[in-house]
Amino acid sequence: MIVEKMFLHVLIVLAPVLSYSFLFENHKLGKSPYFLGILYGASASLCMYFSYFDTALYWDLRYVPVVLSIFYGGPISGSITVLALLATRTAMGGDTLFLAYIIAVIACTVPFLLYKYFWRSAPKKRIYLSILAGFWPAFVKLFVLLTYLFISENSIRLNQNFYIYIAVFGTIQILAVVFAAILNEAVIERNLMKDEIRRSEKQHTLGELAASIAHEVRNPLTVVKGFLQLMEGEDERHKHYYPLILSELGRAEHIISDYLNFAKPEFKKIETFPIALLIIDLSILLNPYALKEGISLTHSIESNAEITTDRNQLKQALINILKNAVEATPKEGRVSIKLIREGEYVKVIVRDTGKGMTKEQLSRVGSLFFSTKEQGTGLGTMVSTRIIESMGGRVEYTSKIGKGTKVSVTLPLKNTSEAETV
Ligand code: ADP
Ligand code: MG
């Protein structure tokens with residue numbers, strides 16, 4: 001009976017994702033597109049081997065592994081699976097072999113074309129796309145075969161069960177794709193979470209280390225700076241060195257307080273103020289700097305919301321973001337700040353027309369010590385993110401290489417985190 005056969009097919013279709021998620025998860029093999037291609041290829045071949053033949057048609061889910069392989073395994077894995085499918089079909093032979101080739105080519109092109117779009121979509125949408133792409137081959141197959149039967153005036157009459165078959169086949173195909181896609185998404189999410197945990201552990205350790213070293217270094221530095229200031233008036237010979245020494249020491253001190261701030265943002269004075277005033281302040285503060293670099297810095301304020309938080313910390317966080325925007329932007333570029341309100345939140349959006357970031361850079365921005373600048377410390381974005389997250393807000397980066405970057409800072413009107421306030 002078709003139903004039993006179809007359930008067998010569901011199992012065959014799920015086998016690859018089950019095996020690579022459980023058996024090979026911690027193995028490099030589980031991520032190799034060649035291996036995935038072979039697994040899915042075997043699954044497609046098995047589907048064909050256990051086909052249910054009726055009404056001049058092979059009823060099976062062979063294209064489900066193909067679609068999954070292309071989407072979740074990538075083009076290499078997909079090609080291997082398609083080859084396996086063609087090889088098995090060739091071995092099976094029959095008069096409709098050439099039709100099978102035509103169907104395979106038409107059916108497989110679409111998921112290949114959708115591949116890029118697929119990975120730009122959110123997980124939920126990816127599941128829907130899998131369902132749609134899973135139906136496409138079935139549709140092509142029915143269409144081509146029925147056309148063929150019609151043209152060749154083949155005497156095969158459609159079985160009266162034909163429509164029931166289509167209903168059963170369709171339902172089971174959806175079930176199979178949905179299960180497989182959900183399992184695939186779960187594997188992806190688990191891997192992402194693992195990476196995230198590993199990264200945050202590493203960052204935590206680094207952060208603690210940095211904080212303790214910074215503490216140790218700051219004290220001697222302060223002493224040296226004090227004595228140098230004392231000596232500044234006395235030693236005539238090296239007089240002109242002192243400003244340089246002091247400014248470099250100042251820089252070192254600045255970096256160290258950044259480290260300490262990163263390790264533990266301290267909110268000293270919580271106050272309620274219109275955030276628009278802070279934006280205007282920032283604009284006034286940074287305008288000379290932007291002008292010096294030949295960049296126009298503008299702001300637009302669309303909300304007079306008041307916010308309750310540590311003003312100086314927020315200022316520091318936004319300065320870091322704005323400085324990066326100015327630093328990334330070439331002469332005659334633009335940096336804009338926009339303030340809007342969204343319900344119980346305000347949003348500060350900083351846009352620049354600078355050099356932008358690659359995907360890889362985008363994924364690392366905000367992590368400790370990541371910098372692409374010669375003199376960079378890789379602390380600015382980290383500190384900003386930490387401060388804003390401690391305020392119960394969040395920072396999001398979107399960027400296009402060569403076009404520019406957009407940083408959205410979302411802040412709750414009321415500071416929700418009491419824990420770190422002093
Ligand atoms: P630093 O400024 O010392 O390099 P940050 O933590 O402030 O350290 O920034 C880290 C990196 O993030 C920068 O080196 C730069 O590559 C990237 N970055 C941050 N903001 C932008 C931006 N607006 N445009 C392009 N790249 C940016
Ligand atoms: Mg910076």
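Since we're looking at a predicted model, the values are computed, not measured. Side-chain atoms are counted along with the backbone in the values below, which use heavy atoms only and exclude waters and symmetry mates. Indexing begins at 1, ligand by ligand and atom by atom, following the structure's order. We're numbering straight along the sequence, starting at 1.
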Side chain to side chain, [X] and [Y], heavy atoms closer than 4.5 Å:
{"X": "Glu396", "Y": "Thr410", "answer": "yes"}
{"X": "Leu68", "Y": "Val17", "answer": "no"}
{"X": "His299", "Y": "Ile280", "answer": "yes"}

What does the contact table look like for ligand 1 (nitrogen or oxygen on each side, cut-off under 3.5 Å)?
residue, atom, partner, partner atom, Å
ligand 1, 2 (O), Asn324, OD1, 2.9
ligand 1, 2 (O), Lys373, NZ, 2.8
ligand 1, 3 (O), Thr377, N, 2.8
ligand 1, 3 (O), Gly378, N, 3.2
ligand 1, 4 (O), Ser371, OG, 2.5
ligand 1, 6 (O), Gly380, N, 3.2
ligand 1, 6 (O), Thr381, N, 2.9
ligand 1, 6 (O), Thr381, OG1, 2.7
ligand 1, 7 (O), Asn324, OD1, 3.0
ligand 1, 7 (O), Asn324, ND2, 2.7
ligand 1, 7 (O), Thr381, N, 3.4
ligand 1, 8 (O), Gly378, N, 3.3
ligand 1, 14 (O), Ser371, OG, 3.4
ligand 1, 14 (O), Thr372, N, 2.8
ligand 1, 14 (O), Thr372, OG1, 3.3
ligand 1, 16 (O), Thr372, OG1, 2.4
ligand 1, 23 (N), Asp352, OD2, 2.9
ligand 1, 24 (N), Thr405, OG1, 3.2

2.8 Å cut-off (strict), protein N, O or S atoms about the Mg ion (ligand 2):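 Those protein atoms number 1 in total.
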Side-chain donor or acceptor of Asp60 paired with backbone N/O of Met48 under 3.5 Å: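 No.
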May I have the list of side-chain donor-acceptor pairs in residues 130-146 shorter than 3.5 Å, sequence neighbours left out?
residue, atom, partner, partner atom, Å
Ser130, OG, Arg126, O, 2.9
Trp136, NE1, Ile106, O, 3.4
Lys141, NZ, Tyr58, O, 2.8

**Request:** Working to the nearest 0.5 Å, report the span between OG of Ser121 and NZ of Lys124.
**Result:**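 The distance works out to 14.0 Å.
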Say whether Glu185 and Tyr72, considering side chains only, have a donor N or O and an acceptor N or O under 3.5 Å apart.
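Yes, Tyr72 and Glu185 have a side-chain donor paired with an acceptor closer than 3.5 Å.
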Would you kindly say whether Gln316 and Asn320 are connected by a side-chain donor-acceptor distance under 3.5 Å?
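Yes, Asn320 and Gln316 have a side-chain donor paired with an acceptor closer than 3.5 Å.
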Partners passing side chain to side chain contact (heavy atoms under 4.5 Å, CB included) against Glu332 (at least two apart in sequence or in another chain):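 In terms of side chain to side chain contact (heavy atoms under 4.5 Å, CB included), with neighbours along the sequence ignored, Glu332 is linked to no residue.
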